[in-house]
J.: 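Please read through the structure below; I'll follow up with questions.
Note that the structure is predicted; figures quoted are calculated from it, not measured.
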Amino acid sequence: MNFSQQARTLVDELMARPWGQVSASVYETGRLVTLAPWLAGHGERVAFLLAQQRDDGSWGAPDGYGLVPTLSATEALLSAGERDPALVPAARSGLRALRHLFQQKPDLPDTPAIDLIVPALVEQINAHGHGEPLAAPGMDTTRLDRVKRLLSSGQEPPQKVLHVLEVAGTDAARAGDVRPAPLGTVGASPAATATWLAGFASADAARTDPADTALTDSAAAARHHLETVAARSGGPVPVGLPITVFERGWVLSWLVRAGVPVRVPAEMIADLRTAIRPQGTPAGAGLPADADTTSVALYALALLGVPCDPSSLMMFDTGAHFCTWQGEDGVSVSVNAHVLDALGQYVRARPPAEAAYGPVMARVAGWLAAKQRADGSWEDRWHASPFYATLSCVLALGEFGGPRHTGSVHRAREWVLATQRDDGSWGRWAGGPEETAYAMQILLLSGPDSDERCLKAAWRGYEFLREAPLSDYAPLWHDKDLYSPTAIVRAAILAALYVAKSSKG
């Protein structure tokens, strides 16, 4: 296996496709079926929804992850069924699945804006009038109502709200002081962009100044953006695009940390450096700055020999831990692990900085260790798999946490050894390449004292990866529904294969 060539190909693809490589989303595609039936690829989007429907009428993954995609796809097919009655049976099957799901009162996963999306879609489905109205147990519309009022007031909304603008409806989106980013996206979301464009179009006839060139140009840019995103995958759309900085930061971090030989174009390094701003770094155009992207971009730059002062991270410091963005409802262990990586790698490159950042690192390391579960793993709000969260924490604590946290690292390794499947893989719901790659790196990259059991288990994982189809990765990353950032996942797998091969000698 030519690791250098594979890494070069992967990095070349990052340059050739700067918006990013992301799997199609049932949720987001369903919203475009309803909001933009005029957009090229409508038939393909409907076909995608039908092909993704499960035998029980639902869409999506287990453990509550199916609720949001099932709501979106069902509502989309009800809308499309008004023009094509052949779609109504699939929509009714989705309704039956939703009623069954609500009867089970599922514990819902901590995905972004789920408390906005669920009531918004339940309201839209019930408006179609197909049978008994849906009633989600414990559903609270308070926050959704507040977002609608904010947008209707004409005030400029927080940037993070733009990513889920569709929950407010086209009327609220039209009234709010919302404009697309220069490349045409609203909130890096096809659904949000389509909502804004639909609101703009419905208000066009009432404009007091039809020659409002700026708005006309914005609408043209938004439509072009949607057409471009839809054309990338033949109709279906991802949940978030562009993800330029996010993708490059993670890919380069996976590869360089593992020692994979790779040449990074000077242009890419310069772009990453430019993305580091005093207020933090967003994952891509249309999104707010966040501590996760900021940390990983800083860490990648330091690994590449271009350390940048991480002072922009301090605006996310709550005093106990680091938030993903200001006003975050929850808390993320992977974000804090990446903060520890960024600070640690900078101090390694600039030792005098330890006076400023050493105490912060010690505090974050202690906070991470306290979040470890009894079985040795961690769980996180940005990924469905505990293997991702555990890898993030173990790498940071193993490299920058100091001797006092070696016990946490050892307990994590024991958990990984105990959860390997008979075929050599690892996984939450089923063994798969991505989670297997994370488990292998936990065993091999978390410190110099990996024992023979770790080496043997990692080699079994290597053999699994060698035989597994490395495409169509299961969506495991949290957004409005689960998605896969495919270039990032490929980099994690390549890193695991390289480390395992190197450990074998």
Side-chain angles (χ1 to χ4, degrees), residues 27-28 30-32 34-36 64 67-76 78-79 95 98-99 101-102 105-180 186-203 206 239-240 286-288 323-331 381 478-481:
Y27 169 82
E28 208 84 5
R31 295 305 79 225
L32 255 65
T34 294
L35 290 162
L67 177 58
V68 165
T70 302
L71 284 167
S72 181
T74 299
E75 195 285 324
L78 287 171
S79 293
L95 284 170
L98 286 169
R99 291 193 173 95
L101 189 58
F102 285 144
K105 299 181 179 179
D107 291 328
L108 298 183
D110 185 16
T111 53
I114 193 168
D115 56 341
L116 299 173
I117 291 170
V118 171
L121 285 174
V122 167
E123 181 181 280
Q124 291 176 48
I125 287 172
N126 288 340
H128 286 286
H130 280 257
E132 196 71 22
L134 291 177
M139 187 175 71
D140 183 359
T141 65
T142 303
R143 191 176 181 193
L144 176 61
D145 294 339
R146 190 163 64 243
V147 169
K148 288 181 177 181
R149 286 195 302 271
L150 171 65
L151 288 164
S152 297
S153 72
Q155 299 179 51
E156 182 178 357
Q159 198 170 14
K160 64 180 180 179
V161 171
L162 300 187
H163 188 57
V164 289
L165 186 67
E166 68 275 8
V167 303
T170 56
D171 289 342
R174 180 179 71 237
D177 186 17
V178 177
R179 298 291 182 271
V186 174
S189 161
T193 306
T195 299
W196 179 85
L197 191 56
F200 174 85
S202 65
V239 72
L287 293 170
C323 58
T324 308
W325 54 65
Q326 303 299 331
E328 181 182 19
D329 293 331
V331 61
R381 66 180 322 221
H478 282 191
D479 204 314
K480 292 179 251 185
D481 60 354

J.: Which residues satisfy the side-chain hydrogen bond (donor to acceptor under 3.5 Å, both in side chains) test with Thr324, sequence neighbours excluded?
T.: Glu328, Trp382
J.: Salt bridge (charged side-chain N to carboxylate O under 4.0 Å, His left out): which pairs involve residues 112-141, sequence neighbours left out?
T.: Asp115-Arg143, Glu123-Lys148
J.: Can you name the residues that form a side-chain contact (heavy atoms from CB on, under 4.5 Å) with Ala188, not counting sequence neighbours?
T.: Thr185, Pro242, Leu287
J.: Looking at residues at least two apart in the chain, or sitting in another chain, which of them share a side-chain contact (heavy atoms from CB on, under 4.5 Å) with Ser72?
T.: Tyr27, Arg31, Leu121
J.: List the residues meeting side-chain contact (heavy atoms from CB on, under 4.5 Å) with Pro69, not counting sequence neighbours, and say none if there are none.
T.: Val26, Trp59, Asp481
J.: List in chain and number order the residues that pass side-chain hydrogen bond (donor to acceptor under 3.5 Å, both in side chains) with Asn126, two or more places apart in sequence or in another chain; answer none if no residue qualifies.
T.: none
J.: Quick one, Leu95 with Arg99, criterion side-chain contact (heavy atoms from CB on, under 4.5 Å). Give me CA distance, side-chain angles, the key distance, then yes/no.
T.: CA-CA 6 Å; Leu95 284 170; Arg99 291 193 173 95; 3.7 Å; yes
J.: How would you list, by chain and number, every residue that makes a side-chain contact (heavy atoms from CB on, under 4.5 Å) with Ser79, sequence neighbours excluded?
T.: Thr34, Glu75, His128
J.: Give every residue pair that meets the salt bridge (charged side-chain N to carboxylate O under 4.0 Å, His left out) criterion with at least one member in residues 187-198, sequence neighbours excluded.
T.: none
J.: Is the shortest side-chain heavy-atom distance between Ile117 and Thr111 below 4.5 Å?
T.: no
J.: So, the side chain of Lys480 versus the backbone of Ser189: is there a donor-acceptor pair under 3.5 Å, distance only?
T.: no
J.: Ignoring hydrogens and angles, tell me if any N or O in the side chain of Trp196 forms a donor-acceptor pair with the backbone of Pro180 under 3.5 Å.
T.: no
J.: Run the side-chain hydrogen bond (donor to acceptor under 3.5 Å, both in side chains) test against Thr193 and tell me which residues pass, sequence neighbours left out.
T.: none
J.: Show every salt bridge (charged side-chain N to carboxylate O under 4.0 Å, His left out) that has at least one partner inside residues 186-199, sequence neighbours left out.
T.: none
J.: In Å, rounded to the nearest 0.5 Å, how long is the span from NE2 of His163 to CG of Leu116?
T.: 12.0 Å
